Structure formats: structure tokens, C-alpha cells
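These numbers were taken from a predicted model, which means no experiment stands behind them. Read the numbers this way: they start at 1 and go in the same order the structure lists the ligands and their atoms.
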Amino acid sequence: VKDKFAAQIEAASELRALDDIRVSALGKKGEISAMMAGLGKMSIEEKKVMGPALNGLKRDIAALIEARKTVLEDAALDAALASETMDMSLPVGRAAGTLHPVQQVMEEMAVIFSDMGFSVAEGPDIEDDFHNFTALNFPPGHPARDMHDTFFMKPDADGEQKVLRTHTSPVQIRTMLSEKPPIRIIAPGRTYRCDSDQTHTPMFHQVEGLVIDKGIHMGHLKGVLMDFVSAFFETDVDVQFRPHHFPFTEPSAEMDVRYERDGAAIKIGTGESWMEILGCGMVHPNVLRACNLDPDEYQGFAFGMGVDRLAMLKYGMPDLRDMFAGDTRWLSHYGFDP
Ligand code: PHE
């Protein structure tokens, strides 16, 4: 009996087959269990011999099965490992991401302005009408509210309708209401307008600037912005200030920089053509009053510029929409090491 089972166990090539053998030998209805049951009918003399013999047989068979089981399990593990090997020579590529060009450019701007004594301020992306429009001297029902292609939120329980801020100018209001002059801040952040084409995305970025102090005049505004563009484009940049209109500044202007085409690329600084890059002006007396400042005591200037377009100009990207498409090839090409 032992030799028969030993041979079967040795021949078993799968754990399943081995278990069948265990059942047929040691199971309740198995052969060895049947032999044990036969002990009852034996004489005392026979029992003395057969009892230990059968127990020994049982132990031996169990041990053989256990040993074979270990062998088969090891083999199964080896097979699994062999089929799941990793190719250690395969390059895994760059695990680390890069700084988005917009983030990079906002940081470059913060460095330039901090050298001029500005600190960074922030406000919420979801604004109320007061900060985004009213305090900035947009009269109720003024068409400029529509011109901004505003994203309006659903009115809340009190009937108040918030907006996605259409510009970073509401941070001017928040700053003037929470800090005492002298104020010298920039406010980088996301802005939103319901607009999308080759040169517009519904979400874009601006950097706002605000200076409030006694005796501030337009010469300060021009000096700061001229120094800024030359530092930003890392070359002497010729600029012009063109009269413009914003409700929250008076007088208002747009600043243009000279540029020329160099093949497909655009070179900023010199050339025949002008390109508008920012809006600016002296803070309107109504805005100062809305922030509890006396226009006879304090004056100031403000400016706002589109970060995405300045990033495109500085780093030569052809299409604004690529900025926010989330294509990792574009991101690793134009991204910056953090
Ligand atoms: N908020 C204006 C815009 O989004 C820009 C601006 C800012 C103009 C500050 C003047 C002063 O177009």
C-alpha cells in the first residue's frame, strides 16, 4: 500500500492531483482509513502489531504528500515569477513633472516686481459683484459688465449672484479695504471670460499691479512698467502708452511694445510694429472712495496684463490653446525644471 501511494504521489504533477491522492488515501472514505476501521475486528495480538503499523503508514503517507506539495508549490511560484519578469533595462523615462510655462512666467514676474518692492496678494476666483464690478466703478447695468463676457453663478439662497472673476482687478479692492497705504502689490491669478478662439481661452491668467501712496503720478506708472518689460524680455524694449478707457482708472492707457517678425518667431523690443501687452492707469477717485480712501490724500496707479500671451511671446509658443490642452509632450517641451 505504501509503495502504491508513494508512486502516485511522486507522479502527481499538480497540486489538485496531489489533493485527490490525499483524499483517496487519508480521507474519511480513503483506503488507509478503511484499514484503520478494520482494526476493530482484530484480536488483541493483531491490533498490537497492526495498530502502530497503520499509524506509521498514515504518518509516512502524510509526510510524502507534504513534501511533494512543497515541491509543487515551489515550481508554481517559479513559473509565475518566470512569466512575470520585468525588463530591468527598459527606460522608465522622467518621473518628475515640469513647471507649466504660465507658472514659470508668473514667478519670473514676481521676482522682477519684488525687486521693485512689490509683494504678492491674492483673491478668490469666485467673486461677488461688488469686488469684480461695482467698487471698480462699473455702474449697475453698465455695458462693460456684458463686454467682459462674464460667467455668472446661479443665484444663492439670498439671491446673490456670484461671478467667476473676469479680471484680477478685484484684488485691488480687497487689498485697499484690508491694508493701509502705502500699498505696493501684484496679484497673479486665474481669470475667466466666456470666450474661446485661437487667441482666447475661457480661463486665462493675469497679473494685476497696484500702488497707492501720497503723491503718486503717471511718471511712476511709466517708470515701473518700462523697467518691468525690459527686465521681463531681457532686452531694451521700446514702449508707447496709448490713451484708452477703463472704468476704474483715469486717465487710462494701454502699453504697446515694439516687435518684428523673424521668420516664424516674434522678436520683442525693436521693430516697426506695435503690440499691446497691458492695460493701466491712475486709480479712479471713485475706486479710492469705494475703499474708504480720500482721493485728495492718496493717489495710485494700477495695471493688468495677460500672463499667457506674455509667456507665448517670451518662449515662442504658436497657439494659446496648447497652453491648457494637457498634452504631456507639449508640457515636457515647454515646461521648466522646478
Ligand atoms: N482689468 C483690466 C482688464 O482685464 C486691466 C487693467 C488693470 C487696466 C488695471 C487698468 C488697470 O482688461
task = Before accepting this row, confirm whether a basic side-chain N of the pair D19/R16 lies closer than 4.0 Å to the acidic partner's carboxylate O.
result = no

remark   = Counting from 1 in the order shown, the ligand 1 atoms closer than 4.0 Å to a non-hydrogen atom of Q206 are 3 (C), 4 (O)

request  = Return a yes/no value for E208: is any of its N or O atoms, backbone included, closer than 3.5 angstrom to an N or O of ligand 1?
outcome  = no

message = For F303 and F113, I'd like to know if the aromatic rings sit close, meaning centre-to-centre distance below 6.0 Å.
response = yes

ask   = For T249 and ligand 1, does the shortest N/O to N/O distance drop below 3.5 Å?
value = no

message = Below 3.5 Å, N or O to N or O, backbone or side chain included: is there any such pair between T166 and ligand 1?
response = no

task = Count the heavy atoms of every other residue, nucleotide or ligand shown that sit under 6.0 Å from CD1 of I126, and state whether that count exceeds 12.
result = no

message = Are any of the N/O atoms on Q172, whether in the backbone or the side chain, positioned under 3.5 angstrom from an N/O atom of ligand 1?
response = no

task = Check ligand 1 against S169 and write out every atom of the ligand that is under 4.0 Å from a heavy-atom position of the residue.
result = 1 (N), 7 (C)

remark   = Among F301, F248, F303, closest by heavy atom to atom 2 (C) of ligand 1 is F248

ask   = With a cut-off of 4.0 Å, which atoms of ligand 1 are near a heavy atom of A302?
value = 9 (C), 11 (C)

key: Location of contacts on S252 toward ligand 1, heavy atoms closer than 4.0 Å   = neither

query = For atom CZ of R321, is the number of surrounding heavy atoms from other residues, nucleotides or ligands below 6.0 Å larger than 12?
reply = yes

ask   = What atoms of ligand 1 come closer than 4.0 angstrom to any heavy atom of R193?
value = 3 (C), 4 (O), 12 (O)

inquiry  = So for atom CD, which belongs to E160, do other residues, nucleotides or ligands contribute more than 12 heavy atoms lying within a distance under 6.0 Å?
reply    = yes

ask   = Is the gap between the ring centers of F233 and Y259 under 6.0 Å?
value = no

note = If we number the atoms of ligand 1 from 1 as shown, the ones under 4.0 Å from a heavy atom of C280 are 8 (C), 10 (C), 11 (C)

query = Only one of H167, H131, E208 forms a side chain to side chain contact (heavy atoms under 4.5 Å, CB included) with Q172, so which one is it?
reply = E208

key: Plane angle bin for H244 and F246 - parallel if under 30°, tilted between 30 and 60°, otherwise perpendicular   = tilted

